Amino acid sequence: IRYADQIISAATNAATISCVSELKRFQDRAYFKDAVKAKMRRRLVFGLREVAKAVQLKKAKAVVVAPNIEEVVDEGGLDDVVGNIITAARLNGTPIVFALTRNKLGQIVGKRMRISALAILDHDGAYEQFKDMIASATAGRTAFKDEQEKKAAEAELLLAEDAENGDSGGNPGLEDPSALNQSDEPT
């Protein structure tokens, strides 16, 4: 949950499942009617490359990111790719929803693989579900910010109490922390 700046609730997950599964149903129905037209007017794309492309071209209406992505800190690794997608989406004003798991995202779109992210390109026909998903994510983001502010206020209060008591926050019982190292030095 390194990337998530929202609290992921059961309501967020349910709204995301509802929206994505409905859009996937519409996309499949269009594909079975006419595969060529369906390719031209996709509603969902998934996979990091496709999502990154949709976000950079400003075609994504929203991005759903699984919060349980493995940590790969190598140059150009998974963390860089996901971080770039999130940064580009925020710069474009594209809503980001952190919900579900990689396995669950894969199940919803009918793939037997894990999916880290998906982009919603067109939410026609599922507008209410889309609106609920975005509202739930926004509520989670607000709750997350409130929680972060509360933690910051508590930390400030603890620091103020320590300063008021004359405690430097160092080692308890030692008047001079530099005295600790004097006995270890060779003479």
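Just so you know, these numbers come straight off a predicted model, no measurement behind them.
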Asks: Run the numbers on L44 and L121 for side chain to side chain contact (heavy atoms under 4.5 Å, CB included), then give the verdict.
Replies: CA-CA 6 Å; L44 295 170; L121 305 179; over 6 Å; no
Asks: Taking only residues two or more places apart in sequence or in another chain, which ones pass salt bridge (charged side-chain N to carboxylate O under 4.0 Å, His left out) with K58?
Replies: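 K58: no salt bridge (charged side-chain N to carboxylate O under 4.0 Å, His left out) contacts found.
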Asks: Output yes when E154 and K151 qualify as a salt bridge under the 4.0 Å nitrogen-oxygen rule, no when they do not.
Replies: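 The answer is no: the pair does not qualify as a salt bridge.
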Asks: Are the side chain of Q6 and the backbone of F98 linked by a donor-acceptor contact shorter than 3.5 Å?
Replies: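 A pair under 3.5 Å: yes.
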Asks: Indicate yes or no: at least one non-hydrogen side-chain atom of I108 is less than 4.5 angstrom from one of L100.
Replies: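 Answer yes - side chains close enough.
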Asks: Please name all residues satisfying salt bridge (charged side-chain N to carboxylate O under 4.0 Å, His left out) with D28, sequence neighbours left out, ordered by chain then number.
Replies: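 By the salt bridge (charged side-chain N to carboxylate O under 4.0 Å, His left out) rule, D28 matches K24.
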Asks: Please name all residues satisfying ring pair (Phe, Tyr, Trp, His ring centres under 6.0 Å) with F130, sequence neighbours left out, ordered by chain then number.
Replies: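 Partners of F130 by the ring pair (Phe, Tyr, Trp, His ring centres under 6.0 Å) criterion, ordered by chain and then number, come out as H123.
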Asks: Hydrophobic cluster membership, with links at side-chain heavy-atom distances under 4.5 Å among I/L/V/M/F/W/Y: are V109 and V63 in one?
Replies: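 No, because V109 and V63 fall into different hydrophobic clusters, even though each may have its own neighbours under 4.5 Å.
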Asks: If hydrophobic clusters are built from ILVMFWY residues whose side chains come within less than 4.5 Å, do I115 and I69 share one?
Replies: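 No, separate clusters.
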Asks: Decide side chain to side chain contact (heavy atoms under 4.5 Å, CB included) for Q148 and F144; before the verdict, give the C-alpha distance in whole Å, the side-chain angles of both, and the deciding distance to 0.1 Å.
Replies: CA-CA 6 Å; Q148 292 296 96; F144 180 80; 3.7 Å; yes
Asks: Spell out, as yes or no, whether a donor-acceptor pair under 3.5 Å connects the side chain of N84 to the backbone of A52.
Replies: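 Such a contact is absent between N84 side chain and A52 backbone.
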Asks: Look only at the side chain of T12 and the backbone of I8, and say whether a donor-acceptor pair between them is shorter than 3.5 Å.
Replies: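 A pair under 3.5 Å: no.
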Asks: Does D124 reach the side chain of R43, with side-chain heavy atoms less than 4.5 Å apart?
Replies: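 Yes; the side chains approach each other to less than 4.5 Å.
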Asks: Show me the pairs that pass salt bridge (Lys or Arg N to Asp or Glu O under 4.0 Å) and involve residues 129-140, at least two apart or across chains.
Replies: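 Counting only pairs at least two positions apart or across chains, the salt bridge (Lys or Arg N to Asp or Glu O under 4.0 Å) contacts touching residues 129-140 are E128-K131.
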Asks: Are I85 and I96 close enough that some pair of their side-chain heavy atoms sits under 4.5 Å apart?
Replies: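 When only atoms from C-beta onward are counted, I96 and I85 do not touch, as no gap falls below 4.5 Å.
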Asks: What verdict does the side chain to side chain contact (heavy atoms under 4.5 Å, CB included) test give for T87 and L91, after you've listed the backbone C-alpha separation in whole Å, the side-chain angles of each residue and the deciding distance to 0.1 Å?
Replies: CA-CA 6 Å; T87 302; L91 290 174; 4.2 Å; yes
Asks: Return each pair, listed once, that meets salt bridge (Lys or Arg N to Asp or Glu O under 4.0 Å) where at least one residue sits in residues 88-106; pairs must be two or more places apart or across chains.
Replies: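 Residue pairs passing salt bridge (Lys or Arg N to Asp or Glu O under 4.0 Å), neighbours aside: D5-R90, E70-R102.
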Asks: Considering all heavy atoms of both residues, which atom of A126 and which atom of L23 are nearest to each other, and what is their separation?
Replies: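 Closest approach of A126 to L23: CB-CD2, 3.9 Å.
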Asks: Is I134 reachable from V20 through a run of I, L, V, M, F, W or Y residues, each pair having side-chain heavy atoms under 4.5 Å apart?
Replies: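 Yes, V20 and I134 fall within the same hydrophobic cluster.
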Asks: Would K59 and V45 satisfy side chain to side chain contact (heavy atoms under 4.5 Å, CB included), going step by step from the backbone distance to the final call?
Replies: CA-CA 11 Å; K59 291 186 177 184; V45 293; over 6 Å; no
Asks: So which atom in L48 and which in S116 form the shortest heavy-atom distance, rounded to 0.1 Å?
Replies: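 Taking every non-hydrogen atom into account, CD2-CB, 4.1 Å.
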Asks: When rounded to the nearest 0.5 angstrom, what is the spacing between CZ in F26 and CD in E22?
Replies: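 One finds 4.0 Å between CZ of F26 and CD of E22.
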Asks: Please check if the side chain of S18 supplies one atom and the backbone of A14 the other of a donor-acceptor pair under 3.5 Å.
Replies: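 Here the side-chain-to-backbone pair does not exist.
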Asks: Rest of the hydrophobic cluster containing L57 (Ile/Leu/Val/Met/Phe/Trp/Tyr, side-chain heavy atoms under 4.5 Å)?
Replies: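 Hydrophobic cluster check, L57: no partners found.
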